[in-house]
Amino acid sequence: MEYNFQEIEKKWQAFWKENNVYRVDIDLSRPKYYVLDMFPYPSGAGLHVGHPLGYIASDIYARYKTLKGYNALHPMGYDSFGLPAEQYAIQTGTHPAVTTENNIERYRKQLDNIGFSFDWSREIRTSDPKYYKWTQWAFIKMFQSYYCFDVNQARPIEELVDCFQQQGSYGLNVACEEKMLFSAEEWNAKSEREQQEILMNYRLAYLGDSMVNWCPQLGTVLANDEVINGLSERGGFPVERKKMKQWSLRITAYAQRLLDGLAAVDWPEPLKEIQTNWIGRSEGASMFFEIKGLQEKIEIFTTRPDTIFGATFMVLAPEHEVVATLATPEYQTQVCEYVTWAKNRSEIERMAERKVSGQFTGAYAINPFTGNEIPIYIADYVLMGYGTGAIMAVPAHDSRDFAFARHFSLPIIQVVRQPNEKIIPVEEWEESYDSKDGAMINSGFINGMEVKKAISAVNDKIVELGIGEKKINYRLRDAIFSRQRYWGEPIPVYYKDGIPYVLDEKELPLTLPEVDKYLPTETGDPPLARAKHWKTKEGYPLETSTMPGFAGSSAYYLRYMDPNNETALCSPESVNYWQNVDLYLGGREHATGHLIYSRFWNKFLFDLGLTFNDEPFKKLINQGMIQGRSNFVYRIVGSNKFVSCNLKSPYETQELHVDVNIVSNDILDIEKFKKWRPEFEKSEFILEDDGKYHCGWGVEKMGKRYHNVVNPDDIAERYGADTLRLYEMFLGPLEQSKPWDTNGIEGVFRFLKKFWRLFHNENYEFCVSEEIAVKEELKVLHKTIKKIEEDIERFSFNTAVSAFMICINELTDLKCNKREILEPLTILISSFAPHIAEELWSLLGHSASVTKAAFPKFNEAYLVENSFEYPVSINGKTRFKLSLPIDAPISDIEKAALATEEVKKWIEGKQVRKVIVVPKKIINIVV
RNA sequence: GCUCGGAUGGCGGAAUAGGUAGACGCGAGGGACUUAAAAUCCCUUGGCCGCAAGGCUGUGCGGGUUCGAUUCCCGCUCCGAGUACCA
């Protein structure tokens with residue numbers, strides 16, 4: 001039979017399904033290996049050829065690990081809550097659950113077409129109440145916990161209550177919104193409402209006033225990572241800053257652990273760096289400045305306490321709470337105006353025009369070290385959200401302060417002199433000197449000290465004077481956890497007398513109620529407020545916000561370990577066996593979202609004793625994007641004439657995208673083009689000498705609007721899933737972005753046909769010889785085993801595919817059809833092209849799936865050579881080759897090389913200055 | 001602005017520890033088989049010079065280290081990604 005991929009693939013996909021071939025269970029006799037893909041959001045558009053790239057790579061690795069004797073867990077599911085289904089519901093009234101179900105069905109069909117080894121018995125969906133029960137459960141646990149920095153762990157909130165009852169809040173080292181000080185008596189005297197309000201300050205999931213990113217068009221708040229350049233990630237709508245009462249997760253409590261944990265994981269360095277920057281740790285000091293004529297003090301944060309003697313003014317964020325009391329009567333109006341102006345400026349405006357602005361308040365602070373009075377300004381370059389919202393400005397050594405000082409003609413004092421500095425008066429400086437390299441001047445007791453020493457000296461002094469302390473600040477913000485939307489997990493909270501309480505675990509899941517419309521109510525409440533009886537049994541109103549997208553994806557990898565457990569997220573046995581994810585594959589775009597949140601979530605569960613490891617994902621690989629390769633046609637402006645790409649220069653043309661599926665090797669199929677769009681039906685063409693219309697091309701994102709979408713189903717239909725899998729890997733390095741170009745696929749398709757033909761005679765009858773293989777054939781096999789194993793281990797799948805091609809070419813040349821060679825080769829290729837491998841494996845007479853086979857053992861002995869062909873270079877330029885015994889001593893190699901005719905010719909009487917011999921590498925002769 | 005990547009034929013890319021640059025595949029050109037097409041197979045294919053043997057040149061640009069650099073170091077250009085007043 002000829003290579004009939006359609007029949008073969010259908011047959012084996014059915015076989016795998018019927019026989020549960022890819023089902024895995026806990027098996028203590030085998031080591032485990034957990035391979036995970038970032039699960040998809042099932043969008044309405046279905047998969048394009050770029051989506052399965054990571055799944056194919058992980059599938060190859062999971063299959064490889066299984067062949068290597070591991071018990072490989074390779075699950076798949078759907079991140080099925082999300083905005084698109086909800087917006088579709090708003091437009092059409094279709095319940096998001098229905099849309100989601102349909103999309104999942106389509107996704108599943110497409111995935112099944114590619115022949116993955118997913119254990120579908122473990123499928124999960126984040127929108128399934130059986131699953132989101134555990135998302136809600138984790139929220140409750142966070143509500144019932146606080147974070148203690150002494151033990152660096154989340155602890156039950158009862159412990160904190162005990163502590164308050166016995167000793168009050170003095171001396172606590174815990175994570176909180178604001179430091180509160182009260183004694184045990186004071187605590188015990190407080191009302192239930194007051195106590196609950198205080199506890200909210202400590203809970204890991206808390207309801208609090210926070211500055212949020214409010215998106216009016218979407219009618220919801222967004223997390224920082226969901227806002228890109230002042231626009232919403234979904235939809236690209238403007239986002240404003242607004243103060244709102246919202247649920248948040250105190251992820252900042254884990255900032256240091258999130259940072260430290262990065263050292264322990266095998267992730268790409270750039271990704272770790274993105275996370276490090278996002279967490280943004282900075283060491284410095286906080287300091288209180290007295291205000292002339294006022295009782296109040298202002299706390300500032302600085303990373304350069306050493307420059308305190310150069311602090312010539314102070315700047316507050318416009319939203320800073322003391323601004324109102326601070327402004328002197330004569331400046332009151334201007335200050336108010338500035339605050340209003342700053343508040344009304346959108347994020348985009350702020351980003352677009354970054355010019356110096358600010359307003360003097362009329363007030364003065366006292367520099368605690370110099371005793372000088374320094375003016376207090378407000379300006380929007382100081383942000384309320386970072387540090388204390390107030391800074392001491394050192395214009396000589398901070399570029400922003402420098403620009404501000406120049407603009408408002410404020411004094412600049414140099415306090416750091418860089419090594420070997422040419423002395424220029426500060427008035428003539430063109431920029432500030434921000435570097436920490438140098439020594440202090442004009443700085444009292446720290447004069448002459450190096451910056452580093454000065455920092456610690458000033459820090460000590462601050463503590464000594466009782467005006468501040470050393471402080472570490474993080475850029476990371478708490479994660480806003482409320483979304484004013486329908487299609488998400490309901491937050492399991494009810495309100496009694498306006499005080500929020502969490503539901504009892506026994507009442508979970510709190511399922512999503514039916515609503516008449518998926519829009520906010522007339523009063524601006526979230527869609528859930530439309531639900532009838534959205535109350536507890538006792539009649540208390542339930543929370544109407546739902547959880548954000550990252551909630552459901554934060555612990556899904558744990559659920560795969562034990563997906564049907566009704567009494568726990570996952571059993572201790574399953575966690576102890578599967579532990580954490582060994583290999584995680586996904587895109588880099590999740591660096592500051594999902595990958596931070598799920599690390600946090602996992603650490604929290606770890607503190608509760610529920611996860612095996614502090615870090616959820618041991619090794620991570622970011623697969624690159626597959627871009628689209630677009631084709632263009634050129635219409636002569638004002639006509640219906642199209643000119644071929646290479647002839648277009650004399651004309652004024654308009655470049656139009658053309659559907660890549662009617663173009664082959666950049667040659668336009670004119671008939672299909674005419675039928676593609678009615679307006680092209682009567683178009684004319686200027687063709688090239690070969691009588692063809694050549695299209696232009698370019699690399700763009702793959703998407704409908706560029707007409708460059710290639711559907712994997714079409715490829716599988718024409719060439720088969722095995723060809724698709726191989727070609728996706730063959731395109732280029734896994735981590736690199738590369739354009740899809742269907743033209744090249746013929747090459748791998750030819751390769752599979754060639755591979756098939758090795759097992760068959762000229763009449764396409766299965767024909768494998770039982771003869772013993774010769775040395776040459778064994779060499780080819782073992783060379784390939786070695787190469788494939790090495791390439792898979794370093795995730796270099798593109799070179800692995802090349803190695804297969806070379807191997808098959810060589811065996812075809814050798815006319816080798818021996819079982820001894822072909823059988824191991826079938827196993828080898830089975831992780832890349834499982835369907836053809838299964839078919840050939842069964843033709844070879846095996847009844848069990850090739851999945852149950854063992855990865856062939858590599859034998860070095862077949863590769864041992866007794867001679868090596870040395871490239872011989874003269875002055876570094878390779879001239880000819882010389883075959884010499886492999887174990888020849890260096891002196892012999894040298895002599896042999898010098899004795900050759902070629903060398904004599906090249907030297908031509910010149911003096912040999914040096915001979916370099918690197919065994920099994922090269923001979924270089926210098927003349 | 002800052003941070004991090006990247007640049008190799010007509011195209012995708014290879015060179016794993018500084019040692020034959022361009023593997024493998026596509027495309028292109030030529031040929032075999034065929035009435036023809038498909039399929040298959042063979043040859044050529046970085047550039048320049050040469051009938052040829054062969055020579056010169058060549059991994060974004062300029063320099064350096066080395067017997068030898070796509071690989072290491074310094075400077076620059078261009079492209080991509082992340083981030084954005086974080087004190």
Side-chain angles (χ1 to χ4, degrees), chain A residues 2 228-230 268-274 276-278 280-282 284 300-304 307 315 317 347 350-351 354 356 379-383 385-394 397-401 403-404 434 473-477 588-589 591-592 625 629 665-666 697 699 726-727 730-733 735-751 753-754 757 762 787 790-791 793-794 796 798-806 809 812 869-881 913-918 920-927:
Chain A
E2 269 184 74
I228 295 158
N229 288 330
E269 283 307 318
L271 187 85
K272 286 189 185 182
E273 207 175 292
I274 293 172
T276 306
N277 293 339
W278 188 261
R281 177 189 155 109
S282 61
I300 60 102
F301 173 74
T302 179
T303 54
R304 294 292 300 276
T307 61
V315 188
E347 288 288 298
R350 273 184 54 147
M351 273 178 234
R354 230 207 273 183
V356 179
D380 67 354
Y381 82 88
V382 175
L383 307 174
Y386 184 77
T388 60
I391 61 155
M392 65 176 206
V394 185
H397 305 290
D398 181 287
S399 57
R400 294 150 303 171
D401 297 345
F404 195 83
D434 295 8
N473 242 310
Y474 298 91
R475 211 186 69 123
L476 186 72
R477 296 275 86 89
R588 190 162 306 164
E589 65 274 17
T592 53
M625 283 229 296
R629 189 180 187 278
N665 274 322
D666 298 332
W697 64 275
V699 173
L726 281 164
Y727 187 55
F730 183 70
L731 272 179
E735 305 204 41
Q736 199 174 296
S737 286
K738 58 247 163 189
W740 175 270
D741 183 1
T742 307
N743 295 322
I745 202 166
E746 296 282 351
V748 280
F749 186 49
R750 242 167 254 161
F751 153 72
K753 284 191 281 192
K754 253 177 153 173
R757 232 174 295 134
E762 312 78 63
K787 174 83 175 143
E790 281 170 0
D791 282 350
E793 288 291 359
R794 63 190 180 103
S796 179
N798 54 329
T799 53
V801 177
S802 297
F804 276 127
M805 292 180 170
I806 295 168
N809 284 344
T812 306
E869 201 161 71
Y870 280 91
V872 181
S873 316
I874 316 290
N875 291 339
K877 188 110 198 133
T878 306
R879 297 301 177 181
F880 66 98
K881 285 170 200 162
R913 299 224 317 263
K914 209 180 199 179
V915 179
I916 294 114
V917 175
V918 184
K920 283 167 84 177
K921 287 266 158 123
I922 201 160
I923 303 167
N924 192 10
I925 295 163
V926 188
V927 294

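Chain letters run A, B, ... following the sequence lines, proteins first, then strands; residues in each count from 1. Everything quoted here is computed from the prediction, not taken from an experiment.
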Q. Is the shortest heavy-atom distance from the side chain of W278(A) to the side chain of R477(A) under 4.5 Å?
A. no
Q. A32(B) pairs with which nucleotide, Watson-Crick or G-U wobble, both distances below 3.5 Å?
A. U40(B)
Q: Determine if the base of G9(B) is syn or anti; take syn to mean the glycosidic torsion is within 90° of 0.
A: syn
Q. When you measure from the side chain of W278(A), which nucleotide among A14(B), A87(B), U83(B) comes out closest?
A. U83(B)
Q: Could you check if a side-chain atom of V748(A) sits within less than 4.5 angstrom of a side-chain atom of M805(A), using non-hydrogen atoms only?
A: yes
Q | Closest nucleotide among G82(B), A87(B), G13(B) to the V382(A) side chain | A | A87(B)
**Q.** Y386(A) side chain reached by S282(A) side chain, heavy atoms, under 4.5 Å
**A.** yes
Q.
Classify R588(A) by what it touches in the nucleic acid, base, sugar-phosphate, or nothing, heavy-atom distance under 4.0 Å.
A. nothing
Q: Can you check each nucleotide of nucleotides 19-25 of chain B against protein heavy atoms at under 4.0 Å and return B for base, S for sugar-phosphate only, - for none, in 5' to 3' order?
A: BBS-BBS
(Q) Using a 4.0 Å heavy-atom cut-off, does R879(A) contact any base of the nucleic acid, only the sugar-phosphate backbone, or nothing at all? (A) sugar-phosphate
Q: Return the nucleotide paired to C72(B): Watson-Crick means purine N1 to pyrimidine N3 with N6-O4 or O6-N4, wobble means G-U with N1-O2 and O6-N3, both under 3.5 Å.
A: G64(B)
Q. So what's U20(B) paired with, Watson-Crick or G-U wobble, going by both distances under 3.5 Å?
A. none
Q.
Suppose you measure atom P in A15(B) against the same atom in U70(B); what distance do you get, rounded to whole Å?
A. 16 Å
Q.
On the nucleotide A87(B), are OP1 or OP2 found under 4.0 Å from the side-chain N or O atoms that S282(A) carries?
A. yes
Q. Nearest to the side chain of I391(A) - A87(B), C4(B), C11(B)?
A. A87(B)
Q. What's the CG-P distance between N277(A) and G5(B), to the nearest Å?
A. 12 Å
Q | Proximity to the side chain of N665(A) - top-ranked nucleotide from C67(B), A87(B), G27(B) | A | G27(B)
Q) Taking atom P in both U40(B) and U20(B), what distance in whole Å separates the two? A) 34 Å
Q. Which listed nucleotide (A14(B), A87(B), U83(B)) is nearest to the side chain of T592(A)?
A. U83(B)
Q. Can you tell me how far P in A23(B) sits from the matching atom in G12(B), rounded to whole Å?
A. 15 Å
**Q.** Pairwise C1' distance, G46(B) and A14(B) [rounded to whole Å]
**A.** 15 Å
(Q) Distance check needed: A84(B) P versus Y386(A) OH, whole Å only. (A) 14 Å
Q: Under a 3.5 Å limit for both distances, which nucleotide forms a Watson-Crick or G-U wobble pair with G1(B), could you say?
A: U83(B)
Q) Can you tell me if D741(A) and Y727(A) form a side-chain donor-acceptor pair at under 3.5 Å? A) no
Q.
Check this for me: does any side-chain nitrogen of one of K272(A) and E269(A) sit under 4.0 Å from a carboxylate oxygen of the other?
A. yes
Q. To the side chain of K738(A), which of G13(B), C26(B), U40(B) is closest?
A. G13(B)
(Q) Within the 3.5 Å criterion, strictly below it, is a donor on K754(A) or N809(A) matched to an acceptor on the partner's side chain? (A) yes
Q: Not counting sequence neighbours, which residues clear side chain to side chain donor-acceptor pair (under 3.5 Å) with K921(A)? List them please.
A: none
Q) Closest to the L731(A) side chain: C26(B), C67(B), G12(B)? A) G12(B)
Q. What distance separates T592(A) OG1 from L271(A) CG, expressed to the nearest 0.5 Å?
A. 9.5 Å
Q | Phosphate-side-chain proximity, Q736(A) and G6(B), N/O vs OP1/OP2 below 4.0 Å | A | no
Q. Say you pick atom P in A28(B) and the same atom in C76(B); how far apart are they, in whole Å?
A. 43 Å
Q | Atom P, compared across U59(B) and A7(B): separation rounded to whole Å | A | 14 Å
